[in-house]
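Contents: one structure, followed by commentary.
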2 protein chains.
Amino acid sequence: MKKNELMAYSCPLGKAMAALGSKWKPIIVLVIKDRKLRFGELAARINVISRKVLTDQLREMETDGLVIREEFKEIPPRVEYSLTEKGLALLPIMFQLEEWEAKYQDKDKKFDKDCIATA
Amino acid sequence: MKKNELMAYSCPLGKAMAALGSKWKPIIVLVIKDRKLRFGELAARINVISRKVLTDQLREMETDGLVIREEFKEIPPRVEYSLTEKGLALLPIMFQLEEWEAKYQDKDKKFDKDCIATA
DNA sequence: CCGTATCCTGGTCGATACTG
DNA sequence: CAGTATCGACCAGGATACGG
């Protein structure tokens with residue numbers, strides 16, 4: 001049974017986890033949240049992700065209705081990504097998750113040093 | 001870079017996703033939420049999971065402070081799992097995730113048919 | 001009853017090179 | 001600039017058998 005099969009199986013929470021629960025998607029959401037970004041800007045802000053994987057993730061998020069992809073057929077090409085209403089609605093929930101983790105975190109461990117993105 | 005390395009990296013949201021973002025953990029949380037359960041009861045309720053994987057997940061969740069494992073050294077052995085305060089605090093957030101997904105879901109697709117667990 | 005030990009598979013993620 | 005195409009590594013998850 002593939003991950004997505006089971007995730008759809010334990011729905012709708014499972015579908016939510018499938019939409020959000022990958023290595024990069026939460027980060028991508030946080031990076032796009034403030035304004036529309038071009039593909040290259042995204043890649044620059046999350047500079048440890050490869051272009052292929054970034055493209056893959058963005059395509060899935062588009063399918064899941066989290067992001068909008070606008071392609072301008074110019075030379076040179078320009079593509080802009082932004083959050084949908086659904087994607088924006090996710091932000092407060094992600095913020096709660098952060099607070100939850102922070103609240104119950106072991107106080108001895110420092111942890112925010114190398115953070116990529118913060119809500 | 002392994003998944004968990006990055007997850008710790010994009011903290012604390014990443015840590016939250018690591019604690020919750022696996023194939024089975026959200027389901028396990030929902031299954032334990034009402035009362036203390038023995039290992040065998042857990043396995044029975046999530047009958048598509050193998051014992052090895054269930055054990056693995058429970059151990060990780062114990063490390064992350066989500067569940068409590070109580071071992072009674074009897075014959076035959078008995079082990080009971082329950083949610084910690086941290087685990088319980090996760091429930092309202094998971095419920096919001098469900099509502100979020102349900103709200104923005106494509107209305108044409110039916111989906112709740114084979115649900116394992118519901119918050 | 002509640003697990004380990006062992007081995008295996010397939011899917012995700014990534015590096016690199018190429019294209020319209 | 002914004003991607004595909006290709007190939008490969010690695011690990012989470014699973015089948016099965018055995019152990020205290």
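Chain naming here is simple, since letters A, B, ... match the order of the sequence lines and numbering starts at 1 in each. Values in this document were obtained by computation on a predicted structure and should not be read as measured data.
- Here D/dA2 presents its P atom at 10 Å from CG of A/L42, a figure rounded to the nearest Å.
- For the pair B/F39 CZ and C/dC1 P, the interatomic distance rounds to 12 Å; values are reported in whole Å.
- When each of C/dG14, D/dG3, C/dG3 is scored by its nearest atom to the side-chain atoms of B/R51, the top-ranked nucleotide is C/dG3.
- With sequence neighbours left out, A/R59 forms a side-chain hydrogen bond (donor to acceptor under 3.5 Å, both in side chains) with no residue at all.
- OP1 and OP2 of D/dA12 both lie 4.0 Å or more from every side-chain N or O belonging to B/K52.
- Judged as a side chain to side chain contact (heavy atoms under 4.5 Å, CB included), and not counting sequence neighbours, the contacts of A/A89 are B/W100, B/Y104.
- Of the candidate nucleotides D/dA2, D/dA15, D/dT4, D/dT4 has the atom lying nearest to any side-chain atom of A/R59.
- Nucleotide C/dG11 holds its P atom 18 Å from the NZ atom of A/K23, rounded to whole Å.
- Listed nucleotides D/dA2, C/dC1, C/dG3 differ in distance to B/Y81; the shortest reach to its side chain belongs to C/dG3.
- Atom CD1 in A/I28 sits roughly 13 Å away from atom C1' in C/dC13 (whole-Å rounding).
- Summarising the geometry, the separation between CG on A/L54 and P on D/dC1 is reported as 15 Å, rounded to the nearest angstrom.
- In this structure, A/E99 does not pair ionically with A/K103, as no charged nitrogen and carboxylate oxygen lie closer than 4.0 Å.
- Within the 4.0 angstrom heavy-atom criterion, no nucleotide atom of any strand lies near A/E80.
- Taking atom CH2 of B/W24 as the reference point, atom C1' of D/dA12 lies 12 Å away to the nearest angstrom.
- Taking a 4.0 Å limit (strictly below) on heavy-atom distances, residues 68-79 of chain A reaches DNA chain D at A/R69, A/P76, A/P77, A/R78, A/V79.
- In this view, B/E70 and B/K36 satisfy the side-chain hydrogen bond (donor to acceptor under 3.5 Å, both in side chains) rule, not counting sequence neighbours.
- The two atoms that bring A/L66 and A/K86 nearest to each other are CD2-CG, 4.1 Å, heavy atoms only.
- Direction of the helix axis in the helix from C/dC1-D/dG20 to C/dG20-D/dC1 shifts by 50° between the two five-pair termini, rounded to 10°.
- The CD1-P distance, from A/I49 to D/dA2, rounds to 15 Å in whole Å.
- Here B/E71 pairs with B/R69 under the side-chain hydrogen bond (donor to acceptor under 3.5 Å, both in side chains) rule; sequence neighbours left out.
- Closest non-hydrogen pair, A/L37 versus A/V31, comes out as CD1-O, 3.5 Å.
- For B/E41, the side-chain hydrogen bond (donor to acceptor under 3.5 Å, both in side chains) partners are B/R35, not counting sequence neighbours.
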Assess whether side chain to side chain contact (heavy atoms under 4.5 Å, CB included) is satisfied between B/I28 and B/M61, documenting all intermediate values.
CA-CA 10 Å; B/I28 293 173; B/M61 293 168 77; 3.8 Å; yes
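- For the pair A/L58 CG and C/dC13 C1', the computed distance is 15 Å after rounding to whole Å.
- Phosphate contact (OP1/OP2 of C/dT12, side-chain N/O of A/Q57, threshold under 4.0 Å): absent.
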